[in-house]
Visitor: 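Sending over a structure as structure tokens; questions will come in a sec.
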Amino acid sequence: MSTGTLPDVSRDDASLRAFLHGLPGVDQVGAEARAAMLSTRSIKTTSKQWAIDTAISMIDLTTLEGADTPGKVRNLCAKARRPDPGDPTTPQVAAVCVYGDLVATAKEALGDSGVHVAAVATAFPSGRASLTVKLADTKDAVAAGADEIDMVIDRGAFLSGRYLQVFEEIVAVKQASAPAHLKVILETGELATYDNVRRAAWLAMLADADFIKTSTGKISPAATLPVLLVMLEAVRDFRASTGRQVGVKPAGGIRTSKDAIRHLVMVNETVGEEWLSPDWFRFGASTLLNDLLLQRQKLATGHYSGPDYITLD
Amino acid sequence: MPFDYAPAPESRAIVDIKASYGLFIGGEFTDATDGTPFKTISPSSEEVLAEVSEAGPSDVDRAVKAARRAYTGVWGRLAPAERGKYLYRIARIVQERARELAVLESLDNGKPIRESRDVDVPTAAAHFFYYAGWADKLDYAGLGPAPRPLGVAGQIIPWNFPLLMLSWKIAPALAAGNTVVLKPAETTPLTALLFAEICQQADLPPGVVNIVTGAGETGRALVEHPDVDKVAFTGSTEVGKAIARAIAGTPKKATLELGGKAANIVFDDAPIDQAVEGIVNGIFFNQGHVCCAGSRLLVQENVYDEVLDSLRRRLGTLRLGDPLDKNTDIGAINSAAQLARIRELSDVGESEGAQRWSPPCELPEHGFWFPPTLFTGAGQSSRIAQEEIFGPVLTVLTFRTPEEAVAKANNTPYGLSAGVWTEKGSRILWMAGRLRAGVVWANTFNRFDPTSPFGGYKESGFGREGGRQGLAAYLTRGGPGA
């Protein structure tokens, strides 16, 4: 797995298959046991404070509903810039994540706040469209000002073994999305095995993804800790063999501060602090922020204010 | 800013440690009549936890007599289902008092609270539940119809898993209808004494379980007592041999669970990340104070660099320190004597030319500590590749072919356990058939379950504990011709 040999692996379907199937397997029992053990870490006081603020700064605050309105997106953007108006020390989130048609609204609302706009594209969430449509979808979002594109892979092609097709699609979307950053959603809930998660992660990284992301949030299970573990091992090993660092974004189903902290512990103990920044790790979440704010207030004041004191957006 | 974990200590307020403890004989705590009291300390701080009685020969005699009375008077005549009820009750109390037991175990032994809380205590309760179920089904144990108990069992347990080894010994003995005199190790008597309170709480008839504390001399008195029918010992091979000599020519039955120098064998097609976890769990679980520890790593030479790089990186994340901190991975070495032995053998490893490596690791000022340590470049003939170190020290060797892996793995006087890491099922079966080890783990290590028998080949001892097979150690075959 030396740097020099990696570019060659995508020259044809057979090479790509040989490479992906040559990656070490994942033992399901062992991976799940490791994730369960890391979940027992007890994060208290100052380290909890740090973890909560770090988690807030890593959130891609997300709304991906058919019923989304410009008003809702503007509200979300206000929340993204100042998550807790009562406490100006609260960090802002990393990005707001919306459908392509609302990118312009979000861009305008966020202005020069530094909060990015991420857009889901490529016929999200199913990915069932022609490449032409996917590329048009992507270019549309970038033209509207998206800083980041969250694309989905073609799971049908992946599961049936057409790896080169998936690879080439990602490469094409990457070109279409420049200069925006590209996050590649593997939709691990549809990949069935951890071996497949590892292969899909490598495939996306070989195709030049900036981030690999677990899920659309539309499929259950979404982000799970063992899946995150396998993806973190993949970005770690990928950097070791190519020198290029790739970010990781678990998304879907992460709702509580406790969940978020468990994810950070796993990042810390699997790939280390180099990934513990919004440049390299994100949470795709809609309701997580409110629980983090509640816990943050509790740490600051010593008591829970209750959900009535946190805004619903 | 790095993600430092703030201290997260488990409170020790939950456990009430007495200033001094007597012996538990005939259902009561009594003073020793002829021993010298000794102190048990916390190996992580060297703080004195309690003073404990030393049972002399006359105390051991009282305990054996109490056990005999209970056997002939009550326990041996009790309806089997009633014995089961007592064991279920004990199992439930162990669960109810789990936190207390876990804190006490970590204090007295030095092991991380994560392990005592998540492994030792739940597995101990599981053993009582499992053997409770056997109490009225002994006809189906494969020992003929109506197998009979042996009588009074003298049981001696080590300091590495004090409560868990107690449960491995007491649960099957009681389920089969025996009564017991148990001697915990002198450095870790406290959970056994708390267990004595649990026996009282469960209204276990007096004398069914007796706990005598003390060191080697107390153990010798118990082994040599003429009215003991069965000796069950877990500990060093050296002491095991002495016990075997002591009971030779007597009608006493024995099971011995002794040392090990297990090979953990990693093939090139292994799930590498999980194999690395298994290597860590194999040798650094419980500071390597595990008789079945995977203390010899055998790596296929073509993945040696990859495995060693991963392993070194992983060792860098191990958290050594206060055993009561919920985030601690590596606790204290159990005693000054054990620490001295680990240091001595590690020094020998270096002087024999092997390369020693430990991650950057700050050791606490007080107490007994040894960093997780790897030795590479050792030969099969190195002492660190042959002798049981019983500490957090891993000796790494390589192999080229499966035949060589088997030959190296079996090239030891021990034969307690082995691990095989490969994604190829047929190779697992091929290896398991050839490895001379009581337990062969496939793609895992150091997994224990009450339903699974455990025990050794060769100098790792004889007899099995756990499972249906574990009952054979406490029963005489019944039926015609018995």
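Below, chains carry the letters A, B, ... as their sequence lines are ordered, and counting in each starts from 1.
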Visitor: Among A:V29, A:V230, A:V265, which residue has the highest count of heavy-atom pairs closer than 4.5 Å to chain B?
Guide: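 Between A:V29, A:V230, A:V265, the count favours A:V265.
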Visitor: If the test is side chain to side chain contact (heavy atoms under 4.5 Å, CB included), which one of A:I52, A:T54, A:D53 qualifies with A:W50?
Guide: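 With A:W50 as partner, side chain to side chain contact (heavy atoms under 4.5 Å, CB included) holds for just one option, A:T54.
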Visitor: Got a sec, which residues hit ring pair (Phe, Tyr, Trp, His ring centres under 6.0 Å) with A:Y194, two or more places apart in sequence or on another chain?
Guide: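 If we apply the ring pair (Phe, Tyr, Trp, His ring centres under 6.0 Å) test to A:Y194, skipping adjacent residues, there are no hits.
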Visitor: Indicate the ring-plane relationship of A:Y163 and A:H21, choosing parallel, tilted or perpendicular according to the 30° and 60° boundaries.
Guide: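 Tilted.
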Visitor: Out of B:R114, B:R314, B:Q274, which one racks up the most heavy-atom pairs below 4.5 Å with chain A?
Guide: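 Heavy-atom pairs under 4.5 Å are most numerous for B:Q274.
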Visitor: Can you tell me which of B:D309, B:D269, B:T317, B:N327 forms the most heavy-atom pairs within a distance under 4.5 Å of chain A?
Guide: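 Most heavy-atom pairs within the cutoff with chain A belong to B:N327.
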Visitor: Suppose we call two aromatic rings close when their centres sit under 6.0 Å apart. Are B:F399 and B:F267 close by that rule?
Guide: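 B:F399 vs B:F267: aromatic centres under 6.0 Å.
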Visitor: Determine, stepwise, if the pair A:N268 / B:Y5 fulfils side chain to side chain donor-acceptor pair (under 3.5 Å).
Guide: CA-CA 10 Å; A:N268 191 37; B:Y5 303 164; 3.2 Å; yes
Visitor: Given the ring of B:W357, does B:R312 sit roughly above its face, with NZ or CZ under 6.0 Å from the centre of the six-membered ring and within 45° of the axis?
Guide: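 The answer is yes, since B:R312 meets both limits relative to B:W357.
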Visitor: Against chain A, label B:A275 side chain, backbone, both or neither, depending on which of its atoms sit under 4.5 Å from a heavy atom there.
Guide: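 Contact with chain A is absent: no heavy atom of B:A275 under 4.5 Å.
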Visitor: Give me the contact list for residues 94-112 of chain B versus chain A, heavy atoms only, anything under 4.5 Å, ordered by residue number.
Guide: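 At a heavy-atom separation under 4.5 Å, chain A is reached by no residue of residues 94-112 of chain B.
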Visitor: Less than 4.5 Å to any heavy atom of chain B: does that hold for the side chain of A:E269, its backbone, both, or neither?
Guide: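 Both backbone and side chain.
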Visitor: Here's one to test your reading of the geometry: is the NZ or CZ of A:R282 within 45 degrees of the ring axis of A:F211 and under 6.0 Å from its centre?
Guide: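 Yes.
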Visitor: Between B:F285 and B:F161, is the ring centroid distance below 6.0 Å?
Guide: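 Yes, they do, as the ring centres are separated by less than 6.0 Å.
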Visitor: Are B:W421 and B:F445 close enough that their ring centres sit under 6.0 Å apart?
Guide: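 So the answer is no for these two rings.
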Visitor: Examine whether an atom of A:L229 lies under 4.5 Å from a heavy atom of chain B, and if so say whether it belongs to the side chain, the backbone or both; otherwise answer neither.
Guide: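 Neither part.
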Visitor: Non-hydrogen atoms of chain B under 4.5 Å away: do they reach the side chain of A:R41, the backbone, both or neither?
Guide: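 Answer is both: backbone and side chain atoms of A:R41 are under 4.5 Å from chain B.
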